[in-house]
Amino acid sequence: MSVLGKLTLNALPHDPVTMGGALSMVAAVAGLVILITYLRRWGWLWREWLTSLDPKKIGVMYLVVALVMLLRGLADALMMRGQQALSAGSNHGFLSADHFQQVLSAHGTIMIFFVAMGLMFGLINLVVPLQIGARDVAFPFLNSVSFWLYVAGVVLINLSLVVGEFAATGWLAYPPLSELAYSPGVGVDYWIWSLQIAGVGSLLSGINFFATILRLRRVGMTLMKMPLFVWSVLNSMVLVIFAFPILTATLGMLALDRLLGMHFFTADGGGNPMMYVNLIWAWGHPEVYILILPAFGVFSEVVATFSSKRLFGYTSMVVALAAITFLSFLVWLHHFFTMGAGADVNAFFGIMTMVIAIPTGVKVFNWLFTMYRGRIRLTTPMLWFLGFVATFTLGGLAGVLMAVPAIDFELHNSLFLVAHFHTMIVGGVVFGFFAGLTYWFPKVFGFKLNERLGRYAFWFWLVGFLTAFIPLYILGIMGATRRLDHYDASLGWQGLFIVAAAGIVMICIGVGFQVLQLAYSIWKRDENRDTTGDPWDGRTLEWSTSSPPPEYNFATLPPVNVRDPFWAAKQAGQTHPQPAAYQDITVPKNSPLGLVIAGFSFLVGFGLIWHIWWLAAVGLLGVITTIVMRSLDDETERIIPSREVAAHEEAHA
């Protein structure tokens with residue numbers, strides 16, 4: 001066997017569309033390297049960012065990578081909708097059937113694992129330690145490892161565009177299509193190992209933030225005094241801890257089927273493909289709530305702040321979060337009512353699906369009651385919330401409709417389901433994270449985003465989203481199936497597909513306005529500087545520190561006695577109490593070892609994909625060695641002198 005396993009020159013792209021994508025990606029990376037070299041910023045980048053264990057900087061890096069992947073996922077969506085708009089009758093569009101399936105699979109995988117999860121963990125890193133009044137997370141080094149494993153997954157999935165191919169199996173890679181007999185190439189292996197590596201990072205983050213919230217809250221901040229965003233993250237991390245091991249085991253068994261000829265999911269070898277479907281959705285439906293719960297938390301903070309009112313029904317909101325967390329593990333089978341499980345099983349999961357809509361509805365009504373008679377400010381974050389209410393209500397009604405097994409039998413394999421899923425994920429998760437990003441941007445970077453450009457971006461996103469996906473509901477009812485790359489012109493579908501493609505173009509314009517908003521805001525940052533630390537008249541502890549916060553977050557840690565403690569302090573005129581003397585503060589030292597562990601993990605994944613066994617062995621040995629090295633290092637902290645703390649705090653006060 002070759003020293004490079006299955007890797008040959010034939011792995012390079014050959015068709016024009018793939019070559020164009022690969023060359024543009026390589027050109028973008030090369031341009032970035034040249035720019036950093038020209039500006040002589042490598043040393044600064046290494047010291048201040050790549051080796052940092054500060055959760056705020058890790059959060060910013062999560063957001064940067066996730067937003068870049070959003071552009072990649074949006075490009076895939078544009079190609080798919082363009083293909084469907086053109087590929088009718090004798091015209092077969094610009095993508096081959098196999099390439100279309102690869103683009104579809106990559107789009108779903110990227111948007112869930114590397115956009116939504118990245119945005120979520122980015123906001124969590126930025127906000128949770130500040131909201132609970134902590135100086136750091138429970139395990140700073142583990143936080144770095146989690147992020148760099150996420151980046152390793154990102155690199156691996158994008159590398160499939162340049163070397164080899166991606167899975168053409170859909171974003172969840174059902175057997176038997178994902179088994180060797182039907183997918184003999186490396187595409188499914190790229191899918192497995194990019195998700196496996198990033199998934200381990202997500203699990204480590206779940207453990208880290210679960211421990212952070214339970215153990216590092218400010219003295220006096222009982223569970224029922226925590227901000228709703230923290231509650232939403234706590235429940236989401238519980239789901240991560242219970243759900244992601246299922247994904248890890250499922251991907252491991254599929255990898256063993258492909259690498260060692262085992263038969264966990266191959267029927268002719270004694271396995272059962274339906275076991276895979278049960279396992280992947282036992283992870284997959286809690287994953288939907290892993291993403292949506294923090295978005296609910298964002299909306300809870302945004303609505304209370306911009307209504308200038310205390311959140312209505314705090315206790316019922318907490319109970320609703322817990323109910324959603326519990327029930328999310330009892331609905332997975334509604335994803336495959338058509339499997340033939342029987343009327344009793346289908347009835348149970350149909351009822352559970354309808355029941356979980358109740359606590360979700362409670363939250364929406366509580367937000368609306370919070371707005372009632374409030375002094376509402378229609379800022380950009382508030383607009384994202386109102387857009388969410390419109391789209392999420394539409395998607396929720398469609399979801400309850402599909403909870404009826406008889407209706408699901410008709411609509412399950414149609415574009416109606418695609419429209420429903422996107423309405424929940426984009427209208428719920430992505431709109432929520434955009435609201436949070438706009439809301440906390442001045443806290444993180446020290447200046448506000450331009451409101452006018454933000455409004456333009458919102459309206460293009462909202463109108464474009466509805467234009468893109470309402471036609472899919474109609475097409476689904478008309479019989480258009482999922483994963484469709486060509487159809488007969490006589491069916492009368494092309495007009496609706498053209499409208500859907502126009503909607504994607506409008507979303508792209510919205511993204512363009514967001515990029516312009518960021519660039520313009522950076523250019524005019526001195527005019528929009530936040531010198532108070534509290535640009536929105538906020539209620540929770542993150543607004544009590546400077547913008548951007550210092551590395552140590554808080555110089556002093558006075559106890560918390562009430563919910564919304566910063567709001568109470570403002571009412572009492574005690575926002576910045578000065579202690580008699582400041583103390584030295586201990587923070588973790590920078591460490592490159594998280595990056596090193598992820599680099600070796602990437603080698604493991606790449607080696608297993610291409611059957612380069614020696615490379616996989618080197619990567620595994622490197623991971624183990626680096627972990628041992630870190631465990632033997634006792635010098636992991638440094639001191640920020642009290643005089644530096646005092647200088648910063650006095651300037652802020």
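We number each residue from 1, following the sequence as shown.
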Residue pair Trp231, Tyr314: steps toward the side-chain hydrogen bond (donor to acceptor under 3.5 Å, both in side chains) verdict: CA-CA 11 Å; Trp231 263 115; Tyr314 176 92; 3.1 Å; yes
Is the distance between the ring centroids of Tyr372 and Trp367 under 6.0 Å? no
For a 4.5 angstrom cut-off between non-hydrogen side-chain atoms, does Met402 reach Leu397? no
With heavy-atom distances below 4.5 Å as the criterion, would you say the side chains of Val60 and Lys57 are in contact? no
Check residues 119-128 and write down every donor-acceptor pair under 3.5 Å in which the side-chain atom is one partner and the other belongs to a residue at least two apart or another chain.
| unit_1 | atom_1 | unit_2 | atom_2 | d |
| --- | --- | --- | --- | --- |
| Asn125 | OD1 | Asn143 | ND2 | 2.6 |
| Asn125 | ND2 | Phe121 | O | 2.8 |

Applying side chain to side chain donor-acceptor pair (under 3.5 Å) to Thr423 and not counting sequence neighbours gives Tyr473
Is it the case that atom CH2 in Trp459 sees more than 12 heavy atoms from other parts of the structure closer than 6.0 Å? no
For the pair Phe242 and Phe329, name the ring-plane relationship: parallel under 30°, tilted 30 to 60°, perpendicular over 60°. perpendicular
Applying side chain to side chain contact (heavy atoms under 4.5 Å, CB included) to Val345 and not counting sequence neighbours gives Leu333, Ala341, Phe349
Working to the nearest 0.5 Å, report the span between OH of Tyr456 and OG1 of Thr380. 11.5 Å
Set of residues satisfying side chain to side chain donor-acceptor pair (under 3.5 Å) with respect to Thr532, sequence neighbours excluded: Asp530
If the test is ring-ring contact (aromatic ring centres under 6.0 Å, His included), which one of Phe229, Phe385, Phe392 qualifies with Phe296? Phe392
More than 12 heavy atoms of other residues, nucleotides or ligands under 6.0 Å from CD of Gln583: yes or no? no
Quick test of your reading: applying salt bridge (Lys or Arg N to Asp or Glu O under 4.0 Å), list the pairs with at least one residue in residues 447-457, sequence neighbours left out, ordered by first then second residue. Glu451-Arg455
Do His285 and Tyr289 have their ring centres less than 6.0 Å from each other? yes
Applying side-chain hydrogen bond (donor to acceptor under 3.5 Å, both in side chains), run through Asn561 and Lys225 and close with a yes or a no. CA-CA 8 Å; Asn561 300 313; Lys225 291 189 179 74; over 6 Å; no
Looking at Phe336, I want to see if its CZ is surrounded by more than 12 non-hydrogen atoms of other residues, nucleotides or ligands under 6.0 Å. yes
Show me the pairs that pass salt bridge (Lys or Arg N to Asp or Glu O under 4.0 Å) and involve residues 544-573, at least two apart or across chains. Asp534-Lys570, Asp537-Lys570, Arg539-Asp564, Glu551-Arg638
Hey, do the aromatic rings of Phe312 and Phe369 have their centres closer than 6.0 Å? yes
Sequence neighbours excluded, which residues qualify as side chain to side chain donor-acceptor pair (under 3.5 Å) partners of Lys363? none
Stepwise ring pair (Phe, Tyr, Trp, His ring centres under 6.0 Å) check, Trp283 with Phe113: CA-CA 13 Å; Trp283 159 81; Phe113 287 92; 5.3 Å; yes
Once rounded to the nearest 0.5 Å, what's the spacing between atom CH2 of Trp567 and atom OG of Ser308? 5.5 Å
Tell me which donor-acceptor pairs under 3.5 Å the side chains of residues 436-446 have, and how far apart each pair is, sequence neighbours excluded?
| unit_1 | atom_1 | unit_2 | atom_2 | d |
| --- | --- | --- | --- | --- |
| Thr438 | OG1 | Phe434 | O | 2.8 |
| Tyr439 | OH | Thr305 | OG1 | 2.7 |
| Tyr439 | OH | Trp543 | NE1 | 3.4 |
| Trp440 | NE1 | Glu542 | OE2 | 2.9 |
| Lys443 | NZ | Gly533 | O | 2.9 |
| Lys443 | NZ | Glu542 | O | 3.0 |
| Lys443 | NZ | Thr545 | O | 2.7 |
| Lys443 | NZ | Ser546 | O | 3.3 |
| Lys443 | NZ | Ser547 | OG | 3.2 |

What pairs of residues pass the salt bridge (Lys or Arg N to Asp or Glu O under 4.0 Å) test when at least one of them lies in residues 200-222, not counting sequence neighbours? none
Set of side chain to side chain contact (heavy atoms under 4.5 Å, CB included) partners for Ala435, sequence neighbours left out: Val298, Phe299, Trp384
Mark yes when over 12 heavy atoms from residues, nucleotides or ligands other than Phe409 sit less than 6.0 Å from its CZ; otherwise mark no. yes
Could you list all the salt bridge (Lys or Arg N to Asp or Glu O under 4.0 Å) pairs where at least one residue sits in residues 301-327, not counting sequence neighbours? none
By side chain to side chain contact (heavy atoms under 4.5 Å, CB included) - contacts of Phe348 (at least two apart): Met352
